[in-house]
Number of protein chains: 2
Amino acid sequence: MLDTSTDNAPEPVMQRPENWPTVGVSVVIFSLQLTEEERRLSVLLVRRDAPPFAGMWALPGGWVHYGEGLEQAARRHLRTKTGLRPTYLEQLYTFGQPGRDPREHRIAVAYYALVRNDEHELSAAPEREARWYSVDQLPAPLAFDNDAIISYALWRLRNKVSYAAIAFQLLPPTFTLTQLREVYLAILGTKIDPTNFRRKVEASGTIVPTGARVEGGAHRPPQLYRCTLSPDQLFTGPPS
Amino acid sequence: MLDTSTDNAPEPVMQRPENWPTVGVSVVIFSLQLTEEERRLSVLLVRRDAPPFAGMWALPGGWVHYGEGLEQAARRHLRTKTGLRPTYLEQLYTFGQPGRDPREHRIAVAYYALVRNDEHELSAAPEREARWYSVDQLPAPLAFDNDAIISYALWRLRNKVSYAAIAFQLLPPTFTLTQLREVYLAILGTKIDPTNFRRKVEASGTIVPTGARVEGGAHRPPQLYRCTLSPDQLFTGPPS
DNA sequence: GCAAAAGTGTTGAAGGTACACCCATGT
DNA sequence: ACATGGGTGTACCTTCAACACTTTTGC
């Protein structure tokens, strides 16, 4: 985030007055990436090419235009910088400590997003180098206060996944119960009893079997499920 | 919030450029107010004296200065506009819809605060008319999107009070279990079994009897309890 | 004594964990 | 046949809502 170089509209960066804080958005994009026979919870980082923190990894993001909504700005930067159009995007927290940007006082409205594995074409024209990093193998110092932002996003995700039905956002439209359980494993890091997991998630009514089965496995073919919730129903309370 | 008239530092309001959004803070201050033998959950509103929405009631707040932290700005506006110095202040959400201020694109970082009943001296010199309103008797249209902000703050408070020990913030340092139960009643609106409430809150270990008792009541004198948690322990996860 | 609030004990329903067990498929 | 993951049944434990009951004060 917080790059002054590329953006869609002409932005008079240097003409910005010094006496008022400016506003940007940063997005923690979560996804499951396959590493050595294991799905790992990962976040997408982009490498900065301009100072400050040139060459370091940072969260994607950028300015908020005049007349532009915050979520709208977040989606725009994701689209132009990573090519992603996440279905789940939620505001996380607003970081406004004056020292977080060495150049000037910039406020960052942080969001977090969940994207499916099959949406992972990282843009037709990614403007800058982008990489998925496993959340427990992040590059050592990140730009700005992005370590704190990611930590908090992880905390929120781990909390929310245990009471809200958002895990589906990391999977394709149809999935097996084992896949869904592995999502919880990747996020929470704790093993879950397959038996009780099935009962719990079936009783919640948020998923329903499609009737189809997975062929080709080495063992008994599992059922395919799909989520019954519309995207609107995923948001538990926050406003527009 | 969002008044352009009075503030501490000289603020070149009219020189602010049109092409970037500006940033303010708004605070939903919760308190228990006694109305007809009943404690009611109330929020503090101030009357606007300048357009837009002149004469209407609004949340206290104002600009964020350059080099000033967000929470710091929230506390400053509370201090100067209402005289309150709340012990509990937590960021709520950031509202950035372009249309929320008819004059210009202003982003509001909303906070919510809990204040005790004995801190209710509403400032030695309140710069503007301020009043406590019961949350279910708010004045009809509030300025800006303040209705939405209060609704969301209420939602958050009701959620949080059921899993975090923050109800004490609305009571004096020592209190009876009945008083504490009435806080939950005022916030949640649901009656609670005194028996089970006692057990639950005692088992949690967050309160401890002081040994003292309340004299002068018409019946058996209850014990006085006090909270064992330091203010730091009240925050469950969010960053600095 | 009586009313009212403080405080205790017990029961039963609900939910969750652990685990033994059966089912279906490829090799 | 058998290994492996899919799927079912059940017993146990913890938590919590409900409610009857006892205690302590002022009048």
Side-chain angles (χ1 to χ4, degrees), chain A residues 32 34 37-39 158-165 167-168 171-172 174-227, chain B residues 34 37-39 158-159 161-165 167-168 171-172 174-227:
Chain A
L32 294 182
L34 286 102
E37 303 283 325
E38 192 190 28
R39 291 178 190 274
R158 284 180 173 144
N159 273 335
K160 187 142 193 173
V161 83
S162 53
Y163 69 85
F168 317 103
L171 289 175
T174 66
F175 48 85
T176 68
L177 284 182
T178 300
Q179 284 179 313
L180 184 60
R181 210 181 61 234
E182 284 171 350
V183 175
Y184 281 83
L185 176 70
I187 294 176
L188 298 173
T190 60
K191 294 207 183 304
I192 304 162
D193 188 309
T195 303
N196 301 323
F197 179 78
R198 158 184 304 277
R199 258 190 293 262
K200 194 172 175 181
V201 76
E202 274 182 340
S204 75
T206 53
I207 64 169
V208 69
T210 62
R213 290 177 168 273
V214 178
E215 306 295 337
H219 309 293
R220 173 175 175 175
Q223 280 217 354
L224 278 175
Y225 288 79
R226 99 188 130 70
C227 183
Chain B
L34 285 102
E37 302 284 325
E38 190 188 30
R39 290 179 191 275
R158 285 180 172 143
N159 273 335
V161 84
S162 54
Y163 69 85
F168 317 102
L171 289 175
T174 66
F175 47 86
T176 68
L177 284 183
T178 300
Q179 283 179 313
L180 185 59
R181 211 181 60 233
E182 284 171 352
V183 175
Y184 282 83
L185 176 71
I187 294 176
L188 299 173
T190 58
K191 295 206 183 306
I192 303 161
D193 188 309
T195 302
N196 301 323
F197 180 77
R198 160 183 303 276
R199 259 189 292 262
K200 193 172 174 181
V201 77
E202 273 181 341
S204 75
T206 54
I207 64 169
V208 70
T210 62
R213 289 180 167 274
V214 177
E215 306 293 338
H219 310 293
R220 172 176 177 176
Q223 280 218 352
L224 279 175
Y225 289 79
R226 101 188 127 70
C227 183

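Nothing here was measured: the structure is a model prediction, and the numbers come from that model. Chain letters run A, B, ... following the sequence lines, proteins first and then strands; every chain starts at 1.
- Thr210(B) contributes no side-chain N or O that, together with a main-chain N or O of Tyr225(B), makes up a donor-acceptor pair within less than 3.5 Å.
- In this structure, Glu202(A) contributes its side chain and Arg199(A) its backbone to no donor-acceptor pair below 3.5 Å.
- Nearest nucleotide to the Pro222(A) side chain, out of dC19(D), dA5(C), dG6(D): dG6(D).
- With rounding to the nearest 0.5 angstrom, the CG atom of Leu224(A) is 9.0 Å from the CZ atom of Phe175(A).
- Each of dG6(D), dG7(D), dT25(D) was ranked by its minimum atom distance to the side chain of Pro221(B); first place goes to dT25(D).
- Shown are Leu188(A), Leu171(A), Val161(A); of these, the side-chain contact (heavy atoms from CB on, under 4.5 Å) with Val183(A) is made only by Leu171(A).
- Straight-line distance from the CG atom of Leu224(A) to the C1' atom of dG5(D): 15 Å, rounded to whole Å.
- Along DNA chain D, the nucleotide closest to Leu177(A) and the one closest to Lys200(B) are compared, and the more 5′ of them pairs with Leu177(A).
- Regarding contacts with the backbone of dG5(D), every side-chain N or O of Arg220(A) stays at 4.0 angstrom or more from both OP1 and OP2.
- When the C1' atom of dC16(D) is taken as reference, atom CD of Glu202(B) falls 16 Å away, rounded to whole Å.
- Using five terminal pairs a side, the axes of the helix from dG1(C)-dC27(D) to dT27(C)-dA1(D) at its two ends make an angle of 10°, given in steps of 10 degrees.
- Contacts between residues 183-197 of chain B and DNA chain D, defined by a heavy-atom separation under 4.0 Å, are made by Asp193(B), Thr195(B), Asn196(B).
- The separation between Gln223(B) atom CD and dT8(C) atom C1' is 14 Å, rounded to whole Å.
- Inter-residue side-chain proximity for Arg181(B) and Arg198(B) is flagged as unmet; no heavy-atom pair is nearer than 4.5 Å.
- Asp193(B) and Thr195(B) get closest at one heavy-atom pair: OD1-N, 2.7 Å.
- Shortest non-hydrogen contact noted between Ile187(A) and Arg158(A) is O-NE, 2.8 Å.
- Whole-Å rounding puts the Arg198(A) CZ to dG16(C) P distance at 17 Å.
- A donor and an acceptor atom, one from each side chain of Thr178(B) and Thr176(B), are nowhere located under 3.5 Å apart.
- A heavy-atom distance below 4.5 Å is found between the side chains of Val208(A) and Arg226(A).
- Closest contact between the side chain of His219(A) and the listed nucleotides dT25(C), dA18(C), dA5(C) involves dT25(C).
- Taking atom CZ of residue Arg199(A) and atom P of nucleotide dG16(C), one finds them 11 Å apart after rounding to whole Å.
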